[in-house]
Amino acid sequence: QVQLVESGGGSVQAGGSLRLSCAVSGYTYSSYCMGWFRQAPGKEREGVAAIDSDGSTSYADSVKGRFTISKDNAKNTLYLQMNSLKPEDTAMYYCAVDIPPCDRLIKPGYGGSWSTDWGQGTQVTVSS
């Protein structure tokens, strides 16, 4: 049974940084994608960043250059380093497992419809 547990959310002022973590257990697939999604109140869920099993990454245009997705295979942990945060980054952030092609995760309109496993989410609030 796959379990994903996010942590690291919080409140920060605009321009600040946060690092989200997602501890993964029970995952045995050899080819996979992992991604970060977010959902703000009244808005659809959107993909923010994705990483494949080889370490290739993809980013939504809205976060490109500010966010970095990475993973530590030894620790079975996925990360999202978020710098230069903006008020519009305020949302609940979720990590998820999905299948290739991984750049699909950050395509507008996808929102993780086919993602197979989800964490419970961690709240990020950015004040101006």
Side-chain angles (χ1 to χ4, degrees):
Q1 182 179 354
V2 178
Q3 287 189 321
L4 297 89
V5 179
E6 300 98 334
S7 62
S11 297
V12 65
Q13 289 191 328
S17 298
L18 285 172
R19 188 176 81 154
L20 306 183
S21 299
C22 173
V24 184
S25 61
Y27 199 78
T28 60
Y29 294 107
S30 60
S31 179
Y32 63 90
C33 307
M34 293 204 70
W36 287 96
F37 295 82
R38 68 185 181 187
Q39 187 166 22
K43 294 188 176 181
E44 293 188 352
R45 189 169 57 204
E46 61 176 353
V48 173
I51 187 166
D52 70 15
S53 51
D54 294 329
S56 296
T57 58
S58 302
Y59 297 94
D61 288 343
S62 60
V63 305
K64 202 171 291 184
R66 299 188 298 122
F67 290 10
T68 302
I69 188 171
S70 62
K71 59 179 179 165
D72 186 328
N73 290 330
K75 296 182 178 180
N76 292 324
T77 302
L78 179 73
Y79 301 101
L80 185 68
Q81 178 67 44
M82 305 185 295
N83 298 328
S84 302
L85 282 161
K86 304 175 180 180
E88 50 263 43
D89 295 318
T90 295
M92 185 72 80
Y93 283 71
Y94 301 89
C95 61
V97 175
D98 209 307
I99 57 174
C102 296
D103 60 356
R104 176 186 59 206
L105 274 64
I106 54 87
K107 297 294 186 186
Y110 175 61
S113 300
W114 294 354
S115 297
T116 57
D117 301 279
W118 294 86
Q120 81 290 351
T122 185
Q123 178 67 38
V124 171
T125 303
V126 184
S127 58
S128 58

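Hydrogens, waters and symmetry mates play no part in the numbers below; they use all other heavy atoms, side chains included.
Nearest heavy atoms, Ala14 versus Ser128: CB-CA, 4.3 Å. Contact between Asp61 and Lys64 at its shortest, heavy atoms only, is OD1-NZ, 3.1 Å. Between Val2 and Leu4, the shortest heavy-atom distance links the atoms CG1-CD1, 3.5 Å. Here the closest heavy-atom approach between residue Val48 and residue Phe67 is recorded as CG1-CD2, 3.5 Å. When every heavy atom of Ala91 is checked against every heavy atom of Ala40, the shortest pair comes out as CB-N, 3.8 Å. Tyr93 approaches Leu20 most closely through the heavy-atom pair CB-CD1, 3.6 Å.
Side chain of Arg45 to backbone of Gly111: a donor-acceptor contact under 3.5 angstrom is found. Side chain of Trp36 to main chain of Tyr79: a donor-acceptor pair is present (N/O by atom type, distance under 3.5 Å, no hydrogens or angles). Glu6 places a side-chain N or O within donor-acceptor distance of the main-chain N or O of Gly121, the cut-off being under 3.5 Å. Between the side chain of Thr57 and the main chain of Ile51, no donor-acceptor pair closer than 3.5 Å is present. Remark: the backbone N or O of Ile99 is paired with a side-chain donor or acceptor of Arg104 at under 3.5 angstrom. Between the side chain of Lys71 and the main chain of Asp52, a donor-acceptor pair closer than 3.5 Å is present.
Between Phe37 and Trp118, the ring planes lie tilted relative to each other; the angle falls in the 30° to 60° range.
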Full working for side-chain contact (heavy atoms from CB on, under 4.5 Å) between Arg38 and Ser62: CA-CA 12 Å; Arg38 68 185 181 187; Ser62 60; 3.5 Å; yes
side-chain contact (heavy atoms from CB on, under 4.5 Å) assessment of Val12 paired with Met82: CA-CA 11 Å; Val12 65; Met82 305 185 295; over 6 Å; no
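One distance of note links CG of Leu105 with OH of Tyr110; it measures 5.5 Å at 0.5 Å rounding. Atom-to-atom distance recorded for Asn76:CG and Gln3:CD is 12.5 Å, nearest 0.5 angstrom.
Linking ILVMFWY residues whenever their side-chain heavy atoms come closer than 4.5 Å, directly or via other members, places Met34 and Ile69 in the same cluster. Under a hydrophobic clustering in which Ile, Leu, Val, Met, Phe, Trp and Tyr are joined whenever their side-chain heavy atoms come within less than 4.5 Å, directly or via other members, Leu78 and Leu80 fall into the same cluster. By the rule that hydrophobic residues join a cluster once side-chain heavy atoms approach within less than 4.5 Å of another member, Val5 and Tyr94 end up as members of separate clusters. Connection of Ile106 to Val97 is not established within any shared hydrophobic cluster, with ILVMFWY side chains joined at heavy-atom distances below 4.5 Å, either directly or through further cluster members.
Using modelled atom types, one finds no donor on one side chain facing an acceptor on the other under 3.5 Å when comparing Asp117 with Tyr32.
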